[in-house]
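Notes for the one structure printed next.
What you see below is based on every heavy atom in this structure, not just the backbone, and it leaves out hydrogens, waters and symmetry mates.
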Amino acid sequence: MTYPQYQYPGGVSDKSKVVAGVLQIVLGGFGVGRFYMGDTKTGVIQLVVTLVTCGIGSIWGFIDGILILINGGVDGQGRPLRD
């Protein structure tokens, strides 16, 4: 028996803006919020910057998390994150 998959209205992502923002604030130096959103390229870049700068680059992840919470963002397929 197959069940129909739930489609989010208007092409909205199944990823949450709040979860992505909190993950990015807490573990943003490792790009966890970006990996959650499906944006692996930016997640890898944040991880490399944090490792190369011995942790100082994690400020980027913290600020990015705040901006995701305020402005929202898009997932890996370009759909806006749900509230």
In this structure, would [X] and [Y] fall into the same cluster of hydrophobic residues linked by side-chain contacts under 4.5 Å?
{"X": "Val44", "Y": "Leu47", "result": "no"}
{"X": "Val48", "Y": "Val32", "result": "no"}
{"X": "Leu23", "Y": "Val26", "result": "yes"}

Say you draw a straight line from [atom1] of [X] to [atom2] of [Y]; how long is it, rounded to the nearest 0.5 Å?
{"X": "Asp64", "Y": "Thr42", "atom1": "CG", "atom2": "OG1", "value": "8.0 Å"}
{"X": "Ile45", "Y": "Thr50", "atom1": "CD1", "atom2": "OG1", "value": "11.5 Å"}
{"X": "Gln46", "Y": "Leu27", "atom1": "CD", "atom2": "CG", "value": "11.5 Å"}
{"X": "Arg34", "Y": "Asp39", "atom1": "CZ", "atom2": "CG", "value": "5.0 Å"}
{"X": "Gln24", "Y": "Phe35", "atom1": "CD", "atom2": "CZ", "value": "10.0 Å"}

Worksheet item: Can you tell me if Tyr36 uses its side chain to pair, donor with acceptor, with the backbone of Ser16 under 3.5 Å?
Response: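 Checked: pair present.
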Could you go through residues 52-62 and list every donor-acceptor pair under 3.5 Å that involves a side-chain atom there, pairing it with any protein atom two or more places apart or in another chain?
unit_1: Thr53; atom_1: OG1; unit_2: Val49; atom_2: O; d: 2.7
unit_1: Thr53; atom_1: OG1; unit_2: Gly57; atom_2: N; d: 2.7
unit_1: Ser58; atom_1: OG; unit_2: Gly55; atom_2: O; d: 2.7

Discussion item. Regarding Asp75 and Lys15, does a basic nitrogen lie under 4.0 Å from an acidic carboxylate oxygen?
Written reply: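 A salt bridge is absent here (no side-chain N lies under 4.0 Å from a carboxylate O).
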Item to complete: Identify the residue among Ile68, Ile70, Ile63 that makes a side-chain contact (heavy atoms from CB on, under 4.5 Å) with Ile66.
Response: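 When Ile68, Ile70, Ile63 are each tested with Ile66, the side-chain contact (heavy atoms from CB on, under 4.5 Å) holds only for Ile70.
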Worksheet entry | Residue pair Met37 / Ala20: nearest heavy atoms and the distance that separates them |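 Shortest heavy-atom separation between Met37 and Ala20 comes out as CG-CB, 3.7 Å.
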Worksheet item: Ile25 versus Leu69: any side-chain heavy-atom pair under 4.5 Å?
Response: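 Ile25 vs Leu69: side chains touch.
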Discussion item. Taking atom CG as the centre, does Asn71 end up with more than 12 heavy-atom neighbours from other residues, nucleotides or ligands that are less than 6.0 angstrom away?
Written reply: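 Above 12, so yes.
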